There are 2 protein chains.
Amino acid sequence: MKMSGGVEWALHCCVVLSRAGAPVPAAKLAELHDVSQSYLAKQLQLLSRAGLVRSTLGQSGGYVLTRATSEITVLDVVEAIDGAQPAFRCTEVRQRGPLAVPAERCDTPCPIARVMDSADRAWRESLRAITVADLVADVGRTTPAETLEAARQWLRA
Amino acid sequence: MKMSGGVEWALHCCVVLSRAGAPVPAAKLAELHDVSQSYLAKQLQLLSRAGLVRSTLGQSGGYVLTRATSEITVLDVVEAIDGAQPAFRCTEVRQRGPLAVPAERCDTPCPIARVMDSADRAWRESLRAITVADLVADVGRTTPAETLEAARQWLRA
DNA sequence: TCTATTCGGACAAGAGTTATCCGAGTCAAG
DNA sequence: CTTGACTCGGATAACTCTTGTCCGAATAGA
């Protein structure tokens, strides 16, 4: 039960991109966060496929958010990187073995699957309630103003 | 983001064990569910380490639940098999790279980590609210009476 | 005492994730 | 218009974790 580590990077990237007015190349994002540039590129590709960011090629190219930060939920990013499939997958154990329940009697989902689905929904709902805008606001509140200004300068260079 | 498949088996085993008055060997549980006997043994070991079941060696030995089903939550089983560690682990990205925030300024947890922790708590809370007794009741409600009786006979043999 | 049966931990195989590279395409400058 | 350098994108290995299997130690009953 482990989420892809790329989710953390992707979320940090979204926060940074929201502050930058111009496209930011993947290499710069990698250097800023001190992570593998090649691997971060993969995460950004996934964000691109999901339609959360748009890439611009050539000189002075890079990545830009496609929507307002208030329109991007944390769940959007998590599902883009980690996939949208639920963590639990019911294999219909009750239909196997010597006492298998016939399929036609299994009109209602397995109770175990129902509990897991419910928990999964609660988890996703919790992530859907927070947007990148909320994260940006929170970062702005807890980070020294000087650091924020330094970041802005560093990105511009 | 995938939960161990053994969780499903372990929960089914708990339901079965609650109906059996006597110890049930791992081999019988494996045959009943038509799953790998060697691998199921591993899951039962984990349940044993967690103190949810007690094993009896020798002839007519097997596994028995240690508590009433109403005292065993689904979360107990999930954490026994899949581990209790949260799916998201913050690597403190903000303390890395050229604009690293000094550690002494990081008194509050990273906003991203806070969101993830909150979602994780919601998920666990949802699983903690359901007990094995609830599952047993639900199974009894949705399974044909004849199948339940057949299971009882099969376990006895 | 002996035997059959049980669990427990140590031992491989496979899948998924992590990490990396190089080529195709594109924009900007000269 | 040409050149050139810079960008992303997908295809390619290394690694970790999960899955799956085995045999030995211990036990209860005959």
Side-chain angles (χ1 to χ4, degrees), chain A residues 1-10 13 17 20 22-31 33-66 78 80-83 85 87-89 91 93 155 157, chain B residues 1-10 13 17 20 22-31 33-66 78 80-83 85 87-89 91 93 155 157:
Chain A
M1 184 68 170
K2 184 165 144 290
M3 179 183 312
S4 168
V7 170
E8 183 180 14
W9 302 358
C13 286
L17 287 178
V24 182
K28 221 165 183 49
L29 288 169
E31 188 186 351
H33 296 120
D34 186 27
V35 297
S36 157
Q37 146 177 356
S38 310
Y39 188 42
L40 180 64
K42 193 183 194 66
Q43 319 302 335
L44 291 168
Q45 277 178 43
L46 291 172
L47 289 182
S48 180
R49 281 192 205 167
L52 297 178
V53 302
R54 177 62 67 187
S55 65
T56 316
L57 261 57
Q59 213 161 4
S60 77
Y63 288 96
V64 188
L65 294 178
T66 56
V78 169
I81 303 295
D82 210 53
Q85 295 186 349
F88 179 87
R89 202 177 84 81
T91 61
V93 169
L155 278 175
Chain B
M1 185 67 169
K2 186 166 144 289
M3 178 185 311
S4 168
V7 170
E8 184 180 13
W9 302 357
C13 285
L17 287 179
V24 182
K28 221 163 182 53
L29 288 169
E31 188 186 352
H33 295 119
D34 187 25
V35 298
S36 156
Q37 146 177 356
S38 308
Y39 189 41
L40 180 63
K42 195 183 193 65
Q43 319 303 336
L44 290 169
Q45 275 178 46
L46 291 171
L47 289 182
S48 180
R49 281 192 204 167
L52 298 178
V53 301
R54 176 63 66 188
S55 64
T56 316
L57 261 56
Q59 212 160 3
S60 77
Y63 289 97
V64 187
L65 295 177
T66 56
V78 169
I81 303 294
D82 209 52
Q85 295 185 350
F88 179 87
R89 201 177 84 81
T91 61
V93 168
L155 278 174

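Just so it is clear, the structure is predicted and the values come from calculations on it, not from any experiment.
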Would you call Met1(A) and Met1(B) a side-chain contact if the rule is heavy atoms closer than 4.5 Å? yes
Mark yes or no for whether Asp82(A), through its side chain, and Met3(A), through its backbone, hold a donor-acceptor pair below 3.5 Å. no
Whole angstroms only, please: what is the CG-P distance between Leu47(A) and dG9(D)? 11 Å
So, do Leu17(A) and Val24(A) sit near enough that their side-chain heavy atoms are less than 4.5 Å apart? yes
What are the 5'-most and 3'-most nucleotides of DNA chain C lying under 4.0 Å from any heavy atom of chain A? dT18(C) to dA28(C)
Could you say whether Gly58(A) or Ala41(A) is positioned toward the 5' end of DNA chain C, judged by the nucleotide with the nearest heavy atom to each? Ala41(A)
Remember a base hit wins even if backbone is also touched, and classify Ala26(A) as base, sugar-phosphate or nothing at under 4.0 Å, heavy atoms. sugar-phosphate
Do any side-chain nitrogens or oxygens of Gln37(B) fall under 4.0 Å of OP1 or OP2 in dT21(D)? no
Find the distance Gln45(A):CD to dG9(D):P and express it as a whole number of Å. 6 Å
Which angle, to the nearest 10 degrees, lies between the helix axes at the two ends of the helix from dT1(C)-dA30(D) to dG30(C)-dC1(D), each defined by five pairs? 20°
Check: Gly51(B) main-chain N/O paired with Thr66(B) side-chain donor or acceptor under 3.5 Å: yes
Hey, what are the protein-to-nucleotides 14-20 of chain D N/O distances that come in under 3.5 Å?
residue	atom	partner	partner atom	Å
dT19(D)	OP1	Gly5(B)	N	3.0
dT19(D)	OP2	Ser4(B)	OG	2.8
dT19(D)	OP2	Tyr39(B)	OH	3.2
dT19(D)	O5'	Tyr39(B)	OH	3.3

Output the rounded distance in Å from NZ (Lys28(A)) to C1' (dC6(D)). 13 Å
Think Thr56(A) has a side-chain N or O under 4.0 angstrom from the OP1 or OP2 of dC8(D)? no
Counting any heavy atom closer than 4.0 Å, what does Arg49(A) reach on the DNA or RNA strands: base, sugar-phosphate only, or nothing? sugar-phosphate
From CG of Leu57(B) over to C1' of dA26(D), roughly how many Å is that when rounded to an integer? 6 Å
Please walk me through it: do Ile81(A) and Leu47(A) pass side chain to side chain contact (heavy atoms under 4.5 Å, CB included)? CA-CA 7 Å; Ile81(A) 303 295; Leu47(A) 289 182; 4.0 Å; yes
Interatomic spacing from CG in Leu155(A) to NZ in Lys28(A) - rounded to 0.5 Å: 7.0 Å
Rounding to 0.5 Å, atoms OG1 (Thr91(A)) and CH2 (Trp9(B)) come to a distance of 7.5 Å
Could you check Gln43(A), Glu8(A), His33(A) and say which one makes a side-chain contact (heavy atoms from CB on, under 4.5 Å) with Cys13(A)? His33(A)
Roughly how far apart are Lys2(B) NZ and Lys2(A) NZ, rounded to 0.5 Å? 12.5 Å
Locate the shortest heavy-atom distance separating Leu44(A) from Ala26(A); write the atom from each residue and the value. CD1-CB, 3.5 Å
Spacing of Lys42(A) atom NZ and Ser36(A) atom OG [to the nearest 0.5 Å]: 11.0 Å
